[in-house]
Amino acid sequence: MSQTQFDVVIAGGAAVGSAVAYFLTADPGFGGSVAVIEPDPTYQYCATALSAASIRHQFSTEENIRMSLFGTEFLRAFGDVLAVDGIRPDPAFHEGGYLFLATPAGLPVLRDNHALQRREGADVVLLDAAALRARFPWLRVDDLAAGTLGLSGEGWLDAYGMLQGLRRKAIAQGATYLPRRVAGIERAGARVTGVRLDDGRALACGALVNAAGVGAPALARLAGIELPVQARKRSVFYVQCPERLPGCPMVIDPSGAYFRPEGQGFITGIAPPPDQDPECFDFDVQHALFEDVLWPLLARRVPAFEALRCVRNWAGHYDMNLVDQNVILGPHPDLDNLYFANGFSGHGMQQAPAVGRALAELIAHGRYRTLDLGRLGWRRILEGRPIIEKNVV
């Protein structure tokens with residue numbers, strides 16, 4: 001590669017970075033050059049490929065609901081919008097729904113969240129315990145007060161296929177992908193002027209996007225900014241059960257355990273207890289978490305799961321925003337042209353289309369044009385005004 005200057009450099013080329021690259025190169029008001037720097041071109045260790053690959057509208061924050069509503073819209077049109085040379089990518093989006101369960105103690109929050117979701121246009125229904133029992137006879141509901149079920153728009157997909165579709169289209173529209181890592185940031189006053197790659201090459205740039213996932217804090221420090229984000233490991237287990245669970249959605253238990261269908265079995269997981277959830281960068285699976293915590297919870301909620309068998313497992317990482325578990329989006333007040341998209345806390349893949357569009361609008365037009373995400377910017381972090389998302393899975 002001989003080009004040494006780009007209008008926009010994006011550090012991180014997984015779902016979020018590739019979405020920014022796609023929307024920028026698709027924007028007729030932009031017309032500039034884009035380089036995406038991705039140190040893991042196989043994506044075998046990125047959060048996108050290792051995630052539970054699901055999308056939901058059932059959040060407690062307006063912006064999160066709106067971003068995922070757009071994500072659903074984007075996935076439904078994915079093949080048409082991202083076709084390259086007549087080849088239509090398929091993200092295998094299955095609208096199987098989410099089911100959030102609540103005990104009597106959690107019912108007020110569930111009702112409040114449901115009312116907000118309905119106001120925002122989400123297709124979600126509130127079911128009492130009797131309705132849950134009738135609809136899901138395999139589910140134990142004796143300790144439940146209600147649940148909210150997504151009837152359309154929520155479900156799961158091929159996250160790697162989504163990522164590759166965005167990447168191929170961005171490249172077809174002129175984006176350059178480099179299999180390197182950003183090792184240094186050059187700045188002059190309140191602006192980034194360029195980056196240095198780990199092979200020694202220097203690239204001048206008009207703007208830099210931090211979409212580096214769990215590597216985002218280290219990248220931010222290269223520019224003198226402390227990003228309140230840490231890597232938190234999450235293990236995913238693929239299990240099989242001798243009994244079928246007809247109509248099974250993605251189920252979120254009051255304990256925080258989740259499970260959903262996948263092929264001939266299910267994928268499942270749960271966050272470790274807070275005192276056992278340190279910053280972590282390894283990919284060792286937390287087997288004891290499954291045996292001691294998760295399996296008993298699953299068997300309590302679904303009696304058929306007493307006979308489940310764990311077939312395989314893997315571990316990935318959340319880029320956890322320690323302040324409020326919501327994305328930190330947009331430029332830092334100290335640097336006009338360093339844009340952040342970090343701290344998704346497990347929601348990055350599903351929010352990637354909306355965040356990609358939003359950052360492309362900020363860079364190309366200087367403002368959000370379709371969905372105002374200004375509340376998710378740095379100011380709330382710096383001023384200590386967190387926006388708490390209650391539905392973090």
Side-chain angles (χ1 to χ4, degrees), residues 1-51 53 70-71 74-93 157-182 194-195 197-199 201-213 215-216 219 339 341 348-364:
M1 184 208 72
S2 59
Q3 188 173 350
T4 59
Q5 182 167 349
F6 292 88
D7 292 289
V8 179
V9 168
I10 302 169
V16 174
S18 288
V20 177
Y22 160 69
F23 279 100
L24 266 177
T25 53
D27 191 327
F30 175 62
S33 54
V34 175
V36 181
I37 315 301
E38 171 51 56
D40 176 23
T42 67
Y43 297 104
Q44 62 178 320
Y45 297 114
C46 76
T48 301
L50 298 173
S51 72
F70 174 71
F74 188 77
L75 286 168
R76 286 170 172 166
F78 198 85
D80 294 330
V81 172
L82 298 184
V84 176
D85 296 329
I87 299 175
R88 301 172 72 256
D90 181 7
F93 181 34
L157 61 141
D158 175 3
Y160 184 78
M162 172 184 164
L163 160 59
Q164 289 295 341
L166 287 164
R167 183 181 185 275
R168 282 193 294 267
K169 188 66 172 184
I171 292 172
Q173 293 174 165
T176 298
Y177 276 67
L178 300 176
R180 307 302 331 171
R181 183 184 303 275
V182 174
V195 299
L197 306 185
D198 56 358
D199 62 358
R201 282 182 290 176
L203 302 179
C205 64
L208 174 62
V209 176
N210 186 343
L219 183 69
Y339 297 85
M349 186 278 298
Q350 63 181 294
Q351 294 180 345
V355 165
R357 181 181 64 174
L359 284 186
E361 291 173 352
L362 275 183
I363 294 168

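Numbering of residues begins at 1 and proceeds along the displayed sequence.
- Heavy atoms from other residues, nucleotides or ligands lying under 6.0 Å from CZ of R180 number more than 12.
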Before giving the answer on side chain to side chain contact (heavy atoms under 4.5 Å, CB included), spell out for R181 and I37 the whole-Å C-alpha distance, their side-chain angles and the decisive distance to 0.1 Å.
CA-CA 6 Å; R181 183 184 303 275; I37 315 301; 5.6 Å; no
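- Residue L75 holds its CG atom at 5.5 Å from CE of M162, rounded to the nearest 0.5 Å.
- Between the side chain of D85 and the backbone N or O of I87 there is no donor-acceptor pair closer than 3.5 Å.
- Going from atom CG of L362 over to atom CZ of R357 covers 12.0 Å, rounded to the nearest 0.5 Å.
- A distance of 12.0 Å separates CG of L82 from CD of Q164, quoted to the nearest 0.5 Å.
- Counting only distance, with no hydrogens or angles, the side chain of T25 and the backbone of Y22 share a donor-acceptor pair below 3.5 Å.
- Of all non-hydrogen atoms in P89 and G165, the two that sit nearest each other are CB-CA, 4.2 Å.
- Side-chain contact between L178 and E38 is absent, with no heavy atoms from C-beta onward closer than 4.5 Å.
- Heavy-atom minimum distance, S18 versus Y43: OG-OH, 4.5 Å.
- Within the 4.5 Å cutoff, side-chain heavy atoms of L203 are placed close to those of F6.
- Within the 4.5 Å cutoff, no side-chain heavy atoms of D7 are placed close to those of V34.
- More than 12 heavy atoms of other shown residues, nucleotides or ligands fall within 6.0 angstrom of atom CZ in F30.
- Looking only at side-chain heavy atoms (C-beta outward), I171 and Y177 come within less than 4.5 Å of each other.
- Residues L157 and M349 have side chains in contact (heavy-atom distance under 4.5 Å, counting atoms from C-beta outward).
- With hydrogens and angles ignored, the 3.5 Å screen pairs a side-chain donor or acceptor of D40 with a backbone N or O of Q44.
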Might you work through the side chain to side chain contact (heavy atoms under 4.5 Å, CB included) test for Q3 and S33, ending with a clear yes or no?
CA-CA 10 Å; Q3 188 173 350; S33 54; 3.8 Å; yes
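- Side-chain contact between I363 and V209 is present, with heavy atoms from C-beta onward closer than 4.5 Å.
- Looking only at distances, a side-chain donor or acceptor of N210 sits under 3.5 Å from a matching main-chain atom of A216.
- A distance of 10.5 Å separates CD in Q173 from CG in D27, rounded to the nearest 0.5 Å.
- Closest heavy-atom contact between K169 and V84: CD-CG2, 3.8 Å.
- Counting all heavy atoms, side chain and backbone alike, V182 lies closest to A11 at CG2-CB, 4.0 Å.
- Taking every heavy atom of both residues into account, A341 and V16 meet most closely at CB-CG1, 3.9 Å.
- In this structure, the separation between CG on L24 and CG on L359 is 8.5 Å, given to the nearest 0.5 Å.
- Checked against a 6.0 Å centroid threshold, the rings of F74 and F23 count as neighbours.
- Residues D80 and R88 meet the side-chain proximity criterion, which asks for heavy atoms closer than 4.5 Å.
- Residue P39 comes nearest to P41 through the heavy atom pair O-CD, 3.3 Å, listed as atom of the first residue, atom of the second, then distance.
- Note: I10 CD1 to Y339 OH = 12.0 Å, rounded to the nearest 0.5 Å.
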